[in-house]
Amino acid sequence: MTDYTALANAIQTTLSADSWLGNSANVKTIEIHRRGFSLQDPKDAQFFSQADLPAIAIIPNSGPKQQRLTTTNEILETLFAEISAVSFNRGLQAGMTIHQSLVQNIERVLEKQKSSLNNLGVDAFVRQVSTTENQLKKGEFYYFISTTRAEIERTANF
């Protein structure tokens with residue numbers, strides 16, 4: 001059975017250990033599990049408030065797991081994880097530039113975890129990193145929401 005919490009914690013630890021992403025001047029919140037992205041005006045535990053942003057949420061099981069037998073007593077699992085990032089700014093262009101830096105650094109850190117030597121620390125390495133983005137305007141602020149998807153390859157003994 002896959003321990004999704006351990007995988008999420010490994011991704012969180014990897015992102016937090018990076019000098020850019022782990023710097024609270026660049027990212028204020030890195031947590032596992034998704035919060036709502038409706039960006040409520042009153043602070044609600046289910047939603048990010050402006051004080052939490054820029055924020056990253058890690059979802060370790062964003063798609064169905066795939067398995068295949070690879071060698072004796074091993075199964076190779078392919079898991080699908082998402083890293084959602086949310087930021088805001090008063091200016092559209094300035095906000096897009098800042099959010100692109102956030103996305104670039106998330107992708108950079110994940111792309112490094114592609115081998116057995118450089119992995120997530122739980123016998124798992126990363127493949128197929130890609131990001132989609134969205135933006136919305138609420139009041140005087142623009143909010144930028146991106147979803148970075150990655151395939152996680154993991155060998156499990158049985």
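Nothing fancy with the numbering, it's 1 onward along the sequence.
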Compare every heavy atom of [Y] with every heavy atom of [X], then report the nearest pair and how far apart it is.
X: Ala124; Y: Ile152; answer: CB-CG2, 3.6 Å
X: Ala51; Y: Lys28; answer: O-CD, 3.4 Å
X: Arg154; Y: Val122; answer: NE-O, 3.8 Å

Does [X] reach the side chain of [Y], with side-chain heavy atoms less than 4.5 Å apart?
X: Tyr143; Y: His99; answer: no
X: Phe141; Y: Arg90; answer: yes
X: Ser146; Y: Thr131; answer: yes
X: Ile56; Y: Leu102; answer: yes
X: Ile59; Y: Ser84; answer: yes
X: Thr148; Y: Val129; answer: yes

Mind checking what makes side-chain hydrogen bond (donor to acceptor under 3.5 Å, both in side chains) contact with Glu133, not counting sequence neighbours?
-> Gln100
Applying side-chain hydrogen bond (donor to acceptor under 3.5 Å, both in side chains) to Asn9 and not counting sequence neighbours gives none
According to a hydrophobic-cluster definition based on side-chain heavy atoms being under 4.5 Å apart (Ile, Leu, Val, Met, Phe, Trp, Tyr only), do [X] and [Y] belong together?
X: Val86; Y: Met96; result: no
X: Ile106; Y: Leu7; result: yes
X: Ile11; Y: Val103; result: no

By side chain to side chain contact (heavy atoms under 4.5 Å, CB included), which residues pair with Thr14, not counting sequence neighbours?
-> Val109, Gln113, Leu120
Non-neighbouring partners of Tyr142 that pass side chain to side chain contact (heavy atoms under 4.5 Å, CB included), sequence neighbours left out = Leu92, Lys137, Phe144
Is the backbone N or O of Trp20 less than 3.5 Å from a side-chain atom of Asn105, with the two atoms forming a donor-acceptor pair by type?
-> no
Short question: side chain of Thr29, backbone of Asp52 - any donor-acceptor pair under 3.5 Å?
-> yes
Other hydrophobic cluster members with Ile98, side-chain heavy atoms of Ile/Leu/Val/Met/Phe/Trp/Tyr under 4.5 Å, chained?
-> none
If I take atom [atom1] from residue [X] and atom [atom2] from residue [Y], how far apart are they, to the nearest 0.5 angstrom?
X: Glu31; Y: Leu15; atom1: CD; atom2: CG; answer: 12.5 Å
X: Gln50; Y: Leu53; atom1: CD; atom2: CG; answer: 7.0 Å
X: Asn89; Y: Glu140; atom1: CG; atom2: CD; answer: 11.0 Å

Listed by chain and number, what are the salt bridge (Lys or Arg N to Asp or Glu O under 4.0 Å) partners of Glu151, not counting sequence neighbours?
-> Arg127
Take Glu153 and Glu77 through the side-chain contact (heavy atoms from CB on, under 4.5 Å) test and state the conclusion after the steps.
-> CA-CA 6 Å; Glu153 295 287 339; Glu77 294 180 327; over 6 Å; no
Carefully, step by step, assess Asp18 and Arg108 under the rule side-chain contact (heavy atoms from CB on, under 4.5 Å).
-> CA-CA 10 Å; Asp18 180 68; Arg108 175 185 55 79; 2.8 Å; yes
Determine, stepwise, if the pair Arg149 / Thr132 fulfils side-chain hydrogen bond (donor to acceptor under 3.5 Å, both in side chains).
-> CA-CA 8 Å; Arg149 291 176 178 82; Thr132 57; 3.2 Å; yes
